Number of protein chains: 2
Amino acid sequence: MGAGQGTTERILDAASELFAQRGYAATTTRAIAESAGVNEVTLFRRFENKRGVLAALGERFSAQMAGRAVAAAPDSETVRETLLRLARMEIAGTLQNGGLAIRLAFDAKSVPEVAALLGEGIPSNLEGLADYMAEQQGRGELRSDIDPRVLAEAFFGLTSSYVMYRMVMGIGDLPEDVATDEGIEQLFDVFWSGAALGGDGR
Amino acid sequence: MGAGQGTTERILDAASELFAQRGYAATTTRAIAESAGVNEVTLFRRFENKRGVLAALGERFSAQMAGRAVAAAPDSETVRETLLRLARMEIAGTLQNGGLAIRLAFDAKSVPEVAALLGEGIPSNLEGLADYMAEQQGRGELRSDIDPRVLAEAFFGLTSSYVMYRMVMGIGDLPEDVATDEGIEQLFDVFWSGAALGGDGR
DNA sequence: GATGCATGTAAGTGCTCACTTGCATCTTAT
DNA sequence: ATAAGATGCAAGTGAGCACTTACATGCATC
């Protein structure tokens, strides 16, 4: 095949799946190549080295993530709707690449190149959401007796552990359609009822 | 030193810390030995192999866990108190061994021996808590419009991601005293206000 | 049908890792 | 003092891994 295009994609797909399943360090280049149905040498002709595969994956990843900011909330939406939508996006995005982000977040502590790739992604996401929470507290939409960072942590804690349980630890069923799944709304609702003003008489 | 006793403990302590930080596969026996201030050969004289260290760690671990059931709640406690106490115990226990359990839960998918060690630990914990939640729903202590398993998942999701952020990903400050820490109570309170009956008019 | 390009095959290099072996040293109990 | 047991040290073995090199094959285009 002269289809040099598809080869790169197949390698990245295989790498994404294997990294997510086993982590970066435990995934061999041989396994990636085999899983992509490609010779190992081809992998090294396409990418400078194993780290290069990870880097390319990172670019593809952040391209997908591009539209995922809280900021882009239409005015017509209630805060509850915005956060539920964000939760579904968060879960869908993380599920889509097989829990890759969560897995890599774990690897980051032991694998320097992973840390470099992930960079400030997660902390800054957390901070961004905390800012949003604080803003909504100011507007009286969220209870103010709780640190906004705690609210943000609770939010991401629920979404990330939702994916973690299912993709990494194999606990619980995968949702058929993230956009409409009942269980996700229930889980979100526990958070929301706890975070909204008026929920607890505060 | 003829103190053969302390040596084993020091090796296990070092292994626990390193496994938690880097994961099982990424931790070398050399690093364990060095961190324990012991020759690598000594490690292999004390334990049959690397897996043996993990197994010994597992026994010590489940010994510590022994008293950590929800069931042991005194009658004088409210449900809120019981769950908060459980949350603090959960967090303290997981922090104490440096996020080891969470880290190993991740490794389990790629490292068969880790999976064998962890066994059914986490799923059964989840189920046990779900049973408790269902019971409290029956007594009118918790809102009934949410699947008890979702409540259990939300609970463990918050406690485990609390530890995950701090120990594994290095985000946020470590609590000085888990038993009294304010942040933990706030985080729990988000869950509680969302889970309790009457919190949301349901 | 010749040229170029992507891929496959086979073999190998150098490194790190789990784990071993042989011997010296130190501590403790007798 | 001596014997026994725990530890250290130096060196090595075999396996797996990332990555390389040299060469052959197939598919397009001109």
Side-chain angles (χ1 to χ4, degrees), chain A residues 1-58 103-104 107 109-117, chain B residues 1-58 103-104 107 109-117:
Chain A
M1 283 175 270
Q5 185 64 16
T7 305
T8 301
E9 287 306 308
R10 282 214 315 283
I11 293 175
L12 287 180
D13 287 341
S16 172
E17 194 178 330
L18 291 176
F19 285 163
Q21 276 174 17
R22 316 179 183 175
Y24 176 79
T27 301
T28 70
T29 51
R30 246 188 286 274
I32 297 174
E34 192 177 338
S35 167
V38 148
N39 195 285
E40 190 183 2
V41 187
T42 300
L43 184 150
F44 282 104
R45 280 195 273 245
R46 292 273 163 175
F47 304 93
E48 194 184 345
N49 44 33
K50 188 182 173 185
R51 182 199 324 222
V53 178
L54 181 68
L57 215 48
R103 176 85 225 193
L104 289 186
D107 285 351
K109 259 270 180 96
S110 48
V111 189
E113 49 255 56
V114 175
L117 169 69
Chain B
M1 283 176 269
Q5 185 65 16
T7 305
T8 301
E9 287 307 309
R10 281 213 316 283
I11 293 175
L12 287 180
D13 288 342
S16 172
E17 194 178 330
L18 291 176
F19 286 163
Q21 277 175 18
R22 317 179 182 174
Y24 176 78
T27 300
T28 71
T29 51
R30 245 188 286 275
I32 298 174
E34 191 176 340
S35 167
V38 148
N39 196 284
E40 190 184 1
V41 187
T42 299
L43 183 151
F44 283 104
R45 282 196 271 243
R46 291 274 164 175
F47 303 94
E48 194 182 345
N49 44 32
K50 188 182 173 185
R51 183 201 322 224
V53 178
L54 181 68
L57 214 48
R103 169 51 98 159
L104 290 186
D107 285 351
K109 261 268 180 97
S110 48
V111 189
E113 50 252 58
V114 175
L117 168 69

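Chain letters run A, B, ... following the sequence lines, proteins first, then strands; residues in each count from 1. Keep in mind that what you see is a predicted model, and the values were worked out from it rather than measured.
- The environment of CD in B:E34 is sparse: at most 12 heavy-atom neighbours from other residues, nucleotides or ligands sit within 6.0 Å.
- Whole-Å rounding puts the B:R10 CZ to D:dG8 P distance at 8 Å.
- Remark: C1' of D:dC19 and CG of A:N49 are 9 Å apart, rounded to the nearest angstrom.
- A:R22 contributes no side-chain N or O that, together with a main-chain N or O of A:T27, makes up a donor-acceptor pair within less than 3.5 Å.
- In this structure, the CD1 atom of A:I32 is 8 Å from the P atom of D:dA18, given to the nearest Å.
- Of the residues A:L12, A:V41, A:V53, A:I11, the one that meets the side chain to side chain contact (heavy atoms under 4.5 Å, CB included) test with A:R46 is A:I11.
- Using a 4.0 Å heavy-atom criterion, one finds that A:G52 contacts no nucleic acid atom at all.
- Distance, B:E40 CD to C:dC17 P: 9 Å, rounded to whole Å.
- Candidate nucleotides D:dC19, D:dG8, C:dA18 were compared by shortest atom distance to the side chain of B:V38, and D:dG8 ranks first.
- Listed pair B:T7 / D:dA6 fails the phosphate criterion, with no side-chain N or O lying under 4.0 Å from OP1 or OP2.
- When the C1' atom of C:dT16 is taken as reference, atom NZ of B:K50 falls 12 Å away, rounded to whole Å.
- Positionally, the nearest nucleotide of DNA chain C for A:G37 lies more toward the 5' end than for the other of B:R51 and A:G37.
- Side-chain N/O atoms of A:T28 include none lying less than 4.0 angstrom from OP1 or OP2 on D:dG16.
- Distances shorter than 4.0 Å separate some side-chain N or O of A:T42 from OP1 or OP2 on C:dG8.
- Straight-line distance from the CZ atom of A:F44 to the C1' atom of C:dT9: 16 Å, rounded to whole Å.
- Side chain B:R45 to base D:dG5: no donor-acceptor pair is found below 3.5 Å.
- Of the listed nucleotides (D:dT7, D:dA18, C:dT7), C:dT7 has the atom at the smallest distance from the side chain of A:R46.
- Nucleic acid contact class of B:V41 (heavy atoms, under 4.0 Å, all strands): base.
- Within the 3.5 Å criterion, the main-chain N or O of A:E40 finds no donor-acceptor partner in the side chain of A:R30.
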Which is it for A:L57 and A:F47 under the side-chain contact (heavy atoms from CB on, under 4.5 Å) test, yes or no, and what are the steps along the way?
-> CA-CA 11 Å; A:L57 215 48; A:F47 304 93; over 6 Å; no
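- Of the candidates D:dA18, C:dA18, D:dG8, the closest approach to any side-chain atom of B:R30 belongs to C:dA18.
- In this model, the phosphate group of D:dT7 is not approached by any side-chain N or O of B:N39 to a distance below 4.0 Å at OP1 or OP2.
- Between the CD1 atom of A:I11 and the P atom of D:dC19 there is a distance of 14 Å, rounded to whole Å.
- Atom P of nucleotide D:dC17 and atom CG of A:L43 are separated by 14 Å, given to the nearest angstrom.
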